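Quick notes on the structure that follows.
In the text below, chain A, chain B and the rest are named by the order of the sequence lines, each starting its count at 1. Since the structure is predicted, the reported quantities are computational estimates derived from the model, not experimental observations.
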Amino acid sequence: MSVKYISVQWNSNKWKYNAIMLASVFTYLWIFIFVTPDIMSNEGRINGQVHNARAFGSCAFLMLSVILCIGPLARLDKRFLPLLYNRRHFGVMTMFVGITHAGYILNWYFAFSPSNKYEALLFSNTSYGQLSGFPFEVFGILALFCLTILAATSHDFWLKFLTPRIWKRIHYLIYAAYISVVAHVSLGILQDQQNHAFTVLFIVSALVVAVLHLLAAIHERKHGDPFPNNSDNWVEVCDVSELREGFAKITQLTQKERVAVFMHEGKLSAISNACAHQNGPLGEGKIIRCLVTCPWHGFQYDVTNGSSPAPFTEKVPTYNLKLEGSSVLVDRNANAPGTFVEPLVLQTTGAAT
Amino acid sequence: MSEKKAPFFVGYMGVPKALKSFLLKVSLLLFAGFTAGAVLAGASQDDPGQAGFRFDYGRQTLTGVLEANPYPLLYVTQGNDRVKAGHTMMLSGQGKTPIMANLAALEGNEVEISGVILKRGELDMLQVAGGKKGIKDLSKEGTIPASEPLGKWKLQGEICDGKCLAGAMNPGRGLAHKACANLCLLADIPPVFVSSQPVEGKEFLLVADPDGGPFPREMYNYVGQFLELETEIERRGDLLVLRIDPDKIKAIE
Ligand code: HEM
Ligand code: FES
C-alpha cells in the first residue's frame with residue numbers, strides 16, 4: 001500500500017528474489033565468458049569483444065523469456081504468483097545486460113573508423129529490401145529502446161503519475177521488445193551459424209513463451225466467467241453456496257470490468273476486481289485481518305467501501321448486491337471508488353434482507 | 001478461482017511453508033537452466049579459423065610499385081624473408097581509416113611501405129603504418145605488371161572485406177558481420193571474394209567493378225551472402241582480380 005507513491009517497500013522476500021535472479025545471471029555470464037573458451041576445441045579464437053557480446057546478448061534473451069513466462073504461469077497455477085511480485089527488478093536488470101551487449105558490439109564492429117560509431121551503426125548496412133543480409137541491428141535498437149522505456153517507468157511513481165491503466169498499456173511494450181529480439185536473432189546470427197546448438201536453445205525458449213501464453217488464454221476462456229449478455233442491470237454472479245468465507249467469486253461485467261464478490265463474516269460485499277496499484281486481481285486475493293489483500297503486491301482494501309485503511313489513500317469502486325432465491329446478483333453500475341455499501345446479510349433461509 | 005487450495009502469498013508477509021519448497025524448486029530449476037544454457041550457447045560457437053595480425057613478424061618494410069585502382073596494391077620488387085618479390089600485397093589504412101587519398105598521387109611510383117601484416121592462409125594484407133613512416137615516395141617511376149586475362153568463370157562464394165577476413169576480426173565474415181564489413185569497404189579496404197572452389201589454385205580473389213574500378217555501392221547488398229556469379233578474371237602480379245557483373249550475380253541459400 002502506499003503513502004504517496006512509495007509503495008512496495010524493500011523486504012527480505014525481495015532480497016531473496018533478487019539474489020536468485022542475480023546468481024543465475026552472474027553464473028550464466030561467468031560460465032559463458034570464462035569457462036567455455038577453454039571447452040571449445042576451435043582452431044582459432046573468437047575475439048573477446050564478440051564472445052562477450054554473445055554472452056550478454058544471449059543472456060538478455062533468456063532473461064526476457066523467463067520474465068514473459070512468469071505471467072502465464074501465474075495464471076495457470078497460483079503457486080507461481082510470488083514470481084510475479086517484484087518481476088520489475090528482473091526487467092531492469094535485463095535492460096542493463098542488453099546495453100552491455102550493444103556496447104561490446106558498438107565498440108568493436110562499429111569502432112576504429114573515422115565515422116561516429118552510433119552513426120556508423122545506422123548507415124553502414126542499408127539493405128532493408130532483403131531478408132538475407134537485412135540490417136538486423138535495427139531490431140536490437142528497437143528492443144533496447146522498449147526495454148529502456150520500461151525500466152525508466154518501472155518505479156511506482158510512474159504508476160501513480162500515469163495511472164495504472166496507461167502504465168499497464170505502456171508495459172505491454174515488453175512484447176514488442178521480445179518480438180524485436182526474436183527478429184534480431186532470426187535475421188542475424190541464425191543466418192550465419194554452422195553449429196546449431198544456440199538455434200535450438202533460442203527456438204525452444206521462444207516456443208515455451210508462446211505456448212504458455214496460449215495455454216493461459218485457453219485456461220482463462222474455460223475458467224473465467226463468460227460475459228453475461230442480459231441487458232438488465234443486475235448480473236448473476238453465482239449461487240450463495242459457492243462462496244467461501246474470506247474469498248471471492250469474480251464475474252466479468254464488460255470487456256474490461258470485473259467485479260469480485262467477497263464473503264466476510266457471513267456477509268457479502270462487492271468491489272472492483274482491479275487493484276488500484278497495478279490492476280492486480282483482487283478477487284484472487286483473500287481477506288486478511290478484515291481487509292481484502294491483493295495477491296500481487298499486497299495492497300489492502302476495506303471490503304465494505306473499497307478504501308485502503310488510513311494513512312493510505314487508494315480506492316476502488318464498489319458494487320451493490322442483491323439475492324434472488326439463492327443466486328447472488330450484482331448491479332453492473334459501479335459506485336464511485338470509496339463508496340460505502342452495507343454488506344448483504346445472508347439469512348439461514350437464503351432470503352434477502 | 002479464489003477457492004483453490006493454493007497457499008496465499010503476500011509479498012511483505014512470510015512465505016507459507018507449502019510454498020517455500022515449491023519456490024525453492026523453481027529457483028533451482030531457473031539456476032540450472034541458466035547454467036546449462038551458458039554451457040550450451042558458449043561452447044557451441046563456430047570456429048573462426050586461424051587468422052590475425054602477425055605482430056610476431058615485427059614491422060615489415062617492403063619496396064614496390066604502387067597501384068591505386070581499384071584498391072591500394074603494392075607490386076613488391078624488393079621483398080624479405082616473409083614477403084617475396086613478385087607478390088601483390090593488398091594495402092589498408094589503420095583500423096577503418098581510408099588511405100586512398102594519400103596514395104592516389106603516388107600511383108605508378110616506386111615506394112617503400114611499412115606496416116604490420118595480417119594473414120589467413122594464402123590471404124595477406126599490409127596495414128600501412130600511420131604518418132611519414134608508413135609510405136615513402138622513392139620518386140622513381142616503376143612498371144605496373146601487365147594484367148593477364150584468365151577468361152570467364154562461374155563461381156560460388158562470399159564477398160567479404162579483406163581485412164577482417166584476413167584476421168583483423170574473428171569472426172570476420174558472414175551476415176552477422178555484414179555491417180562491419182560494409183564499414184570497412186567504405187574505408188577503401190579491398191573487398192575479397194572467398195571462392196568455394198579454387199581458381200587457378202587460389203581461394204581468395206580481389207573484387208572490382210565491370211570496368212576494373214572500385215566495388216560499386218549498389219553491390220553492397222550482396223556482401224556476406226552466399227552468391228553464385230559469372231565473371232571475368234584477370235591476374236595482376238600473383239593476385240587474381242574478379243570483375244563483378246551486376247547482371248550475372250545471384251544470392252543462393
Ligand atoms: C543497439 C542495440 C543492439 C545492437 C547494435 C546489436 C547487435 C548485434 C550484433 C551485431 C549481433 C551479432 C553478433 C555476432 O557476430 O555474433 C547480435 C547478436 C545478438 N543479439 Fe544483439 N544487438 C542489440 C541489442 C540487443 C538486445 C537488446 C538483445 C536482447 C535483449 C540482443 C540479443 C542478441 C542475441 C541473443 C544475439 C545472438 C547471440 C549470439 O551471437 O550468439 N541484442 N546483436
Ligand atoms: S498490490 Fe500491486 S496490483 Fe494489487
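The choice from Asn182(B), Thr35(B), Thr97(B), Asp47(B) that makes the most heavy-atom pairs within less than 4.5 Å of chain A is Asp47(B). Contact tally against chain B (heavy-atom pairs below 4.5 Å) for Ile31(A), Asn47(A), Thr27(A), Ile20(A): the top residue is Asn47(A). Note: Gln50(B) leads Gln94(B), His177(B), Gln50(B), Arg173(B) in heavy-atom pairs under 4.5 Å with chain A. Counting heavy-atom pairs under 4.5 Å between each of Ala36(B), Gly95(B), Ser44(B) and chain A puts Ser44(B) at the top. For the set Pro281(A), Gly129(A), Ala23(A), Ser113(A), the count of heavy-atom pairs under 4.5 angstrom toward chain B peaks at Ser113(A). Chain B forms more heavy-atom pairs under 4.5 Å with one residue of Leu201(A), Ile46(A), Leu121(A), Ile33(A) than with any other, namely Ile46(A). Ranked by heavy-atom pairs under 4.5 Å with chain B, the first of Gln130(A), His51(A), Met21(A), Gln191(A) is Gln130(A). Chain B forms the most heavy-atom pairs under 4.5 Å with one residue out of Thr36(A), Asn125(A), Val35(A), Asn42(A), and that residue is Asn42(A).
Residue contact with chain B, scored on non-hydrogen atoms closer than 4.5 Å, involves the side chain of Val50(A) exclusively. Looking at Val39(B), both its backbone and its side chain come within 4.5 Å of chain A, counting heavy atoms on both sides. In this structure, chain A has a heavy atom under 4.5 Å from the side chain of Arg217(B), while its backbone stays farther away. Proximity to chain B is limited to the side chain of Glu137(A), based on heavy atoms less than 4.5 angstrom apart. Interface residue Phe22(B): only side-chain heavy atoms are found under 4.5 Å from chain A. For a residue to count as touching a neighbouring chain, one of its non-hydrogen atoms must lie under 4.5 Å from one of that chain's; by this rule Phe110(A) touches chain B with backbone and side chain alike. Looking at Leu29(A), neither its backbone nor its side chain comes within 4.5 Å of chain B, counting heavy atoms on both sides. Heavy atoms of Ala41(B) lying under 4.5 Å from chain A belong to its backbone as well as its side chain. Both the backbone and the side chain of Gln194(A) come within contact range of chain B, judged by heavy atoms closer than 4.5 Å. For Ala111(A), the part lying under 4.5 angstrom from a heavy atom of chain B is the backbone only. Both the backbone and the side chain of Phe80(A) come within contact range of chain B, with heavy atoms under 4.5 Å apart. Neither the backbone nor the side chain of Tyr17(A) comes within contact range of chain B; no heavy atoms are under 4.5 Å apart. Heavy-atom distances place no part of Ala55(A) under 4.5 Å from chain B, backbone and side chain included.
A donor and an acceptor atom, one from each side chain of Arg82(B) and Gln60(B), are nowhere located under 3.5 Å apart. No side-chain donor-acceptor contact under 3.5 Å links Thr126(A) and Tyr220(B). For the residue pair Gln300(A) / Thr293(A), a side-chain donor-acceptor distance below 3.5 Å is found, with atom types taken as modelled. Side chains of Asn221(B) and Ser127(A): a donor-acceptor N/O pair is present below 3.5 angstrom, by distance only.
Residues of residues 183-196 of chain B placed with any heavy atom under 4.5 Å of a heavy atom in chain A are listed by number as Leu183(B), Leu186(B). Applying a 4.5 Å heavy-atom cutoff, the residues of residues 156-170 of chain B that approach chain A are Ala168(B), Met169(B), Asn170(B).
Closest of all the heavy-atom pairs between Val292(A) and Leu282(A) is CG1-O, 4.2 Å.
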Verdict with supporting geometry, Ser124(A) and Tyr109(A), side-chain contact (heavy atoms from CB on, under 4.5 Å): CA-CA 11 Å; Ser124(A) 53; Tyr109(A) 286 159; over 6 Å; no

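Under a cutoff of 6.0 Å and an axis angle of 45°, Arg87(A) and Phe90(A) do not form a cation-pi pair.
Side-chain atoms of Lys119(B) come within 3.5 Å of backbone atoms of Gly121(B) as a donor-acceptor pair (strictly under, hydrogens ignored).
Under the 30°/60° scheme for interplanar angles, the aromatic rings of Phe112(A) and Trp108(A) are found to stand perpendicular. Using a 30° and 60° split on the angle between ring planes, His101(A) and His184(A) fall in the perpendicular class, above 60°.
Leu131(A) CG: 12 or fewer foreign heavy atoms inside a 6.0 Å radius.
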